[in-house]
Amino acid sequence: MATNLNIEVSPVSRVEGHGDLVLDVKNKKIEKLQFRIPESPRFFEAMLVGRKYDEPSHITSRICGICSVAHTFTSIKATEAALGVKINDQILKLRKLVNHGEYIQSNCLHVYFLAAPDFLGVGSVIPLIKTNPDVVLIAVKMKKIANEIVRIIGGRAVHPITTVVGGFTKLPTVDDLKSIKNMLASLYPDLETSLKVLKTLKLPDFERETEYISITDKEDYALYDGDLKSSDGWIIKPGKYLEKIKEKVVQHSTGKHCQASRDCYMVGALSRVNNNYEMLSDNAKEYAGQFGLTPPCYNTFMINIAQFVEIVHCVDDSIRLIDEILSDGLDESKKTVPVKPGAGRGVGIVEAPRGTLIHDYTYDRNGRIAKANLIIPTNMNYANIEKDLEAFVPMIIDKTEDEVRFDCEMLLRAYDPCISCSTHFLNVKLINKF
Amino acid sequence: MVKPKVGVFGFAGCGGCQLEILNLEDQLIDFINAVDIVHFTEAITEHSDTYEIALIEGSVSTKHDIERLEHISKVAKIIVAVGACACTGGLNCLKNLYGLEKAKELVYGDKKDWIDAVETKPIDEYVKVDYQARGCPPTRAEIVDIVRSLIAGKKPEIPNYPVCIECKRLGNTCIYEYGMTCMGPVARAGCNARCPSAKSGCETCRGFIDDPNVNAQKDLLARYGLTVEDIMEGFNLYNACKKVNK
């Protein structure tokens, strides 16, 4: 039993980027708990200054390889808002389809490759190739299909090419869309198999109510577009985000911390399901029901389940979108809308797989970016992660040091933190001081 | 055969090159079986400090990065730079153009002194790099080819001809015909002209060909009234760090 602990997990593994957890416990009381982010800062807000309208989406895509589509679209939306560009329905549907591809890819990577080993008691997906080959093969297949959606429509699976301000440089063909639909439909038996396996996993029983923030839309399970919504009872237009979201620099992290109505809030799959459950596809709601996931859910570990439910939703909704695009008729003349460079300010908000992502650009009269502000989902979660750990550690303090370390890492990993994005994350160092 | 021990390391970058390893899909299980991956923080909890081959993503951007990189170079026998950030510094070098101190102040304000940051550089500025998988991101086939060559004891081939050659082979309409700018005439090939094939101008994410004045598609540029210097100076997304050998 650990009365005194000095834990430093450095680095926390199976997360994207570099973060350390520092935990100092004396007489079962937390003296210090910090989530340190020593990831190299890259200064994207400075890189963007002076750039013209067709460059920011290609630059900011490189903030994160795992959610490059989300950054691309958030950037494009900010520029389109600044320049008054109104896209057509075909562009909107194709963008949502590319975005769904990234959701399936990213949620699949986290649920199957990064988080599942925790619940099966191994250190990575590698031992699962021998012990659970069926699940690994499903994960590989699902990821491949998801990447193919982005590659076929976006031109490249990581850092898409065709997606630009005003539309697309190149459209997929009708045959491309039909083949994507067939690939997606082939995933239904795999989702059923995954459901059976995931239901056997025992998630820790840890609840802490917090503020849940996501975008929201009356017609759609909001991923690509919507107003900003808080479970604390407010909804605002994207352009007004600064009225609610505050960023601050903290010394132990190159990633800034964020606050809204309280001292911390959560973004990501659980926030989205809590705020927008009714808009999930009927099939996705049935899957959620199998896990007892109904709003409000306060168990952080259920983020993993919410991500799986979102995979189901994205498969359903992608097929719906393809059917609509094909029945409307794919129209080459609607590939782009006109873009006129100029001055203006625009805010783009998209739900990246890890949560709400905000780009805010101001263009000067020469059509160059004078100022850029980027707020990243993992930054938004940092303060909430620390508050979760403060509540979680006393619950597990009677376990062995190794178990405390493992459980803390598992909690952090549930957030699917993306440290490259937010560096502006995870190394848990435990030094025993019995 | 003893499987080579491989470490995968990330420096300042987006994690996309490491993701492309996880994206190997049909080849992923074969890849994992062909080598002994002993260090890969993005995907594996276990880690070891004994490896022969280091696959390194990202550029050097902090003092701590320099120390880590120098340690890896002492352990590994072969260093492979993976991706634009590791090979040329990549987009990260745009920060140098803006100015390091100015960038720190812009992003972190009066707390800028808390931040460990140095001018961004590619990894070969600090350690000897044996092979490069260029591109943002490199193609998966390229990463597999390099590792396969190393297992077989062969030298991986890296193209030194412009992207134009690949466009011609594919029968692509020249991007200049659409009235857009393309770096294809001076950009190092190997990506199978991914961007021009998507009707988007090449951004030189694989860096320049050696001796662009000798090897560039000058006749194509002349047709559109441009010189090698014109396009190389007007475009710096990926090549802000490297002095070009003209």
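Below, all heavy atoms of this structure are taken into account, side chains as well, without hydrogens, waters or symmetry copies. Chain letters run A, B, ... following the sequence lines, proteins first and then strands; every chain starts at 1.
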Enquirer: Measuring from atom CG of B:N96 to atom CE of A:M47, what distance do you get when rounded to the nearest 0.5 angstrom?
Expert: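 The distance works out to 9.0 Å.
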Enquirer: State the CD-CD1 distance between B:Q18 and A:I66, to the nearest 0.5 angstrom.
Expert: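 Between atom CD of B:Q18 and atom CD1 of A:I66 there are 8.5 Å.
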Enquirer: In terms of heavy-atom proximity below 4.5 Å to chain A, should B:A103 be classed as side chain, backbone, both, or neither?
Expert: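 B:A103 touches chain A through backbone and side-chain heavy atoms alike.
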Enquirer: Heavy-atom distance under 4.5 Å to chain B: side chain of A:R156, backbone, both or neither?
Expert: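 Just the side chain, heavy atoms under 4.5 Å.
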Enquirer: Of the backbone (N, CA, C, O) and the side chain (C-beta and beyond), which part of A:I59 lies under 4.5 Å from a heavy atom of chain B, both, or neither?
Expert: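 Contact with chain B involves both backbone and side-chain atoms of A:I59.
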Enquirer: What part of A:V49 gets within 4.5 angstrom of chain B, counting heavy atoms only: side chain, backbone, both, or neither?
Expert: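 Only the side chain of A:V49 comes within 4.5 Å of chain B.
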Enquirer: Can you tell me how far CG of B:L22 sits from CG of A:L114, rounded to the nearest 0.5 angstrom?
Expert: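 With rounding to 0.5 Å, CG (A:L114) is 7.5 Å from CG (B:L22).
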Enquirer: Does any backbone or side-chain atom of B:T120 lie under 4.5 Å from a heavy atom of chain A? Answer side chain, backbone, both or neither.
Expert: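 Contact with chain A is absent: no heavy atom of B:T120 under 4.5 Å.
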Enquirer: Which bit of B:C17 is near chain A, if near means a heavy-atom gap under 4.5 Å: side chain, backbone, both or neither?
Expert: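 Neither part, no heavy atoms under 4.5 Å.
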Enquirer: Relative to chain A, which segment of B:K104 carries a heavy atom at a distance below 4.5 Å: side chain, backbone, both, or neither?
Expert: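 Both backbone and side chain.
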Enquirer: Using non-hydrogen atoms only, which part of A:V164 is less than 4.5 Å away from chain B: side chain, backbone, both, or neither?
Expert: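 Answer is neither: A:V164 stays 4.5 Å or more from chain B.
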Enquirer: Under a 4.5 Å heavy-atom cut-off, does chain B meet the side chain of A:L137, its backbone, both or neither?
Expert: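 Looking at A:L137, just its side chain touches chain B.
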Enquirer: Could you grab the distance from atom OG of B:S61 to atom CZ of A:R42, nearest 0.5 Å is fine?
Expert: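 One finds 8.0 Å between OG of B:S61 and CZ of A:R42.
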Enquirer: Checking B:Y178 against chain A: side chain, backbone, both or neither under 4.5 Å from a heavy atom?
Expert: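 It is neither, since no heavy atom gets under 4.5 Å.
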